[in-house]
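One structure below.
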Amino acid sequence: RNILVNKEGERVSPVIKNDVPEIITECPLIDVLYKIAVQDHEMLIVDNQYFRACTSSRPVGRIVFTRDIAYSSFLGTSLTLPGMVKNHLQYTRKLRREVGYKCSKSNVIPIPGFPNKVECEKERDFWPKYKTNSYGRRTDDIVWIIGFWEYFCVTQDYSSLKWMIDEFDYFDKKFYQYFYDPNDNLYWGQASFIDAGGTGYPNYSPQESIMIKALSTNCLYAGAFDRLERACRLIGLDDKADEFKERSQTIRDAIRKNFLHKDGYYAYFKRKDGSLEPRREQVGSALLVLFDILPPKAVSYTHLTLPTN
């Protein structure tokens, strides 16, 4: 029996039952793992409105995030629970609008002109009040477009496309524009899915982690512009589609130009001083191929292989 939780964290029976596709393969283990994965998803559903966050084996109350569900949608959740993907991503967009520029002091965004509104000292005091984190903890926010597009591909819900485009326009004006650097046509921001100030950076503070230009996050912008172009074409907004096509091509060219190491591989990120981080990472490498920025052979031979020295 499926088990869900309500807003108080109490286990309850599902209000509605989702029609989840069944799979039967030649490997019983795969079939079992699939059923466990679906059940794990369903156990995180709160009031059929959103998925609560979960770290390792323990759910984190009513805290909600965007990129977890956006990536999982891209990886298959949209095939099994498309309605919940839509509900969650629309819920988090609404929540992000409400939170706006409010932040903890520890996660102030250092970009000149960004209108930070400090609410408290520490992020742990921010979470209980707003049920999500400061924007400085999720500067790869554009990933929601990737997840929402997968929902559309599964459902063919054309009525949702105008919402997606309008929502992007709002956040592009209110947030994303501050992170764009016209000098190299890239976006500042943390590496996607690697928390700012965490172990994925060379002893960087959260602010220093934001003031890099990460391969993965810039690839997300390229993928988002491509999907927004297609959405505009589908509902007859051809002039707007042309704008997204140009933006997509501009950032793709910038990625190919700015992240290529002299040793022939694509860097993990571009530092604030313009130099390239010597490390490479798998998410950015994968997105280069998945979003057709580079052909697979270019990445597999020049990026993922270890240096000879």
Side-chain angles (χ1 to χ4, degrees), residues 4-7 9 37 40-78 80-104 106-107 109 119-120 122-151 164 167-168 170-171 174-176 179 189-201 206 209-210 214 216-217 219-221 223-224 283 287:
L4 288 77
V5 294
N6 60 20
K7 291 182 178 179
D40 285 348
H41 275 75
E42 291 182 331
M43 288 178 66
L44 296 174
I45 295 173
V46 177
D47 291 349
N48 288 288
Q49 188 176 18
Y50 58 82
F51 295 96
R52 60 178 174 166
C54 186
T55 58
S56 62
S57 61
R58 185 168 61 88
V60 186
R62 292 179 56 202
I63 302 297
V64 291
F65 299 133
T66 295
R67 65 182 174 221
D68 305 55
I69 302 307
Y71 271 119
S72 67
S73 172
F74 187 54
L75 294 170
T77 301
S78 54
T80 55
L81 297 166
M84 275 306 307
V85 168
K86 176 186 179 182
N87 290 350
H88 182 96
L89 292 176
Q90 289 189 332
Y91 178 86
T92 57
R93 299 329 301 165
K94 180 176 180 290
L95 181 59
R96 179 48 53 187
R97 280 179 178 244
E98 293 172 355
V99 174
Y101 304 121
K102 301 184 184 87
C103 64
S104 62
S106 59
N107 284 279
I109 292 174
E119 289 272 307
C120 55
K122 301 293 185 181
E123 191 70 7
R124 63 173 175 264
D125 298 320
F126 191 86
W127 281 22
K129 185 174 181 180
Y130 295 106
K131 312 305 179 187
T132 192
N133 48 18
S134 301
Y135 195 83
R137 302 289 296 176
R138 39 90 62 79
T139 52
D140 58 343
D141 180 66
I142 190 67
V143 70
W144 73 270
I145 292 285
I146 307 301
F148 199 85
W149 176 256
E150 293 304 309
Y151 158 77
M164 183 180 78
E167 199 70 7
F168 168 81
Y170 175 87
F171 282 93
K174 297 289 186 178
F175 288 90
Y176 307 148
F179 294 83
Q190 71 200 79
S192 187
F193 229 117
I194 301 179
D195 286 337
T199 57
Y201 307 94
S209 304
I210 291 171
S216 55
T217 296
C219 285
L220 287 175
Y221 277 99
V283 173
L287 296 182

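Because only heavy atoms are used, hydrogens play no part in the values below, and waters and symmetry mates are left out as well, while side chains stay in.
For Y71, the ring pair (Phe, Tyr, Trp, His ring centres under 6.0 Å) criterion is met by F193, not counting sequence neighbours. For W149, the side chain to side chain donor-acceptor pair (under 3.5 Å) criterion is met by no residue, not counting sequence neighbours. Taking the ring pair (Phe, Tyr, Trp, His ring centres under 6.0 Å) definition, one finds that Y170 meets it with nothing, sequence neighbours left out. In this view, S73 and S78, V85, E150 satisfy the side chain to side chain contact (heavy atoms under 4.5 Å, CB included) rule, not counting sequence neighbours. A search for salt bridge (Lys or Arg N to Asp or Glu O under 4.0 Å) contacts involving E167 returns R97, not counting sequence neighbours. Scored by the side chain to side chain donor-acceptor pair (under 3.5 Å) test, S106 finds S104 as partners (sequence neighbours excluded). Not a single salt bridge (Lys or Arg N to Asp or Glu O under 4.0 Å) links K102 to another residue, sequence neighbours left out. Residues forming a side chain to side chain contact (heavy atoms under 4.5 Å, CB included) with K94 (at least two apart in sequence, or on another chain): E98. In this view, K174 satisfies the salt bridge (Lys or Arg N to Asp or Glu O under 4.0 Å) rule with no residue, not counting sequence neighbours. Residues passing the side chain to side chain contact (heavy atoms under 4.5 Å, CB included) test with N133 are F65, R96, E123, W127, R137, R138, sequence neighbours excluded. In this structure, the side chain to side chain contact (heavy atoms under 4.5 Å, CB included) partners of S209, at least two apart in sequence or on a different chain, are A196, Y201, Y204.
Note that the CG atom of D140 and the CD1 atom of I194 stand 9.5 Å from one another [nearest 0.5 Å]. Between the CG atom of L220 and the CZ atom of R67 there is a distance of 10.5 Å, given to the nearest 0.5 Å. The distance from the CD atom of Q190 to the CG atom of D141 is 10.0 Å, given to the nearest 0.5 Å. For the atom pair T66 OG1 and I145 CD1, the distance stands at 11.5 Å (nearest 0.5 Å). Between Y50 atom OH and Y91 atom OH the span is 4.5 Å, to the nearest 0.5 Å. Here the OG-CD1 distance, from S192 to I146, works out to 9.5 Å after rounding to the nearest 0.5 Å.
C103 and S134 get closest at one heavy-atom pair: CA-OG, 3.3 Å. Of all heavy-atom pairs between S216 and V283, the closest is CB-CG1, 3.9 Å.
Side-chain atoms of V99 and E119, non-hydrogen and from C-beta on, never get closer than 4.5 Å to each other. No side-chain heavy atom of W144 sits less than 4.5 Å from a side-chain heavy atom of T92. Looking at T77 and I69, their side chains never come closer than 4.5 Å, going by heavy atoms from C-beta outward. Side-chain contact check for R52 versus I63: every heavy-atom pair is 4.5 Å or farther apart. Residues I109 and Y101 form no side-chain contact, since every pair of their non-hydrogen atoms from C-beta on lies 4.5 Å or further apart.
You'll find the ring centres of Y151 and F148 inside the 6.0 Å limit.
Residue pairs meeting the side chain to side chain donor-acceptor pair (under 3.5 Å) criterion with at least one member in residues 81-90, sequence neighbours excluded, are K86-D157.
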Would V64 and F51 satisfy side-chain contact (heavy atoms from CB on, under 4.5 Å), going step by step from the backbone distance to the final call? CA-CA 7 Å; V64 291; F51 295 96; over 6 Å; no
For T80 and H41: C-alpha separation, side-chain torsions, deciding distance, then whether side-chain contact (heavy atoms from CB on, under 4.5 Å) applies. CA-CA 10 Å; T80 55; H41 275 75; 5.5 Å; no
Dump the intermediate steps for ring-ring contact (aromatic ring centres under 6.0 Å, His included) on Y135 and F175, then the final yes or no. CA-CA 9 Å; Y135 195 83; F175 288 90; 4.6 Å; yes
May I have the step-by-step check of side-chain contact (heavy atoms from CB on, under 4.5 Å) for T217 and T139, ending in yes or no? CA-CA 8 Å; T217 296; T139 52; over 6 Å; no
Show your reasoning for whether side-chain contact (heavy atoms from CB on, under 4.5 Å) applies to Y130 and L95. CA-CA 8 Å; Y130 295 106; L95 181 59; 5.6 Å; no
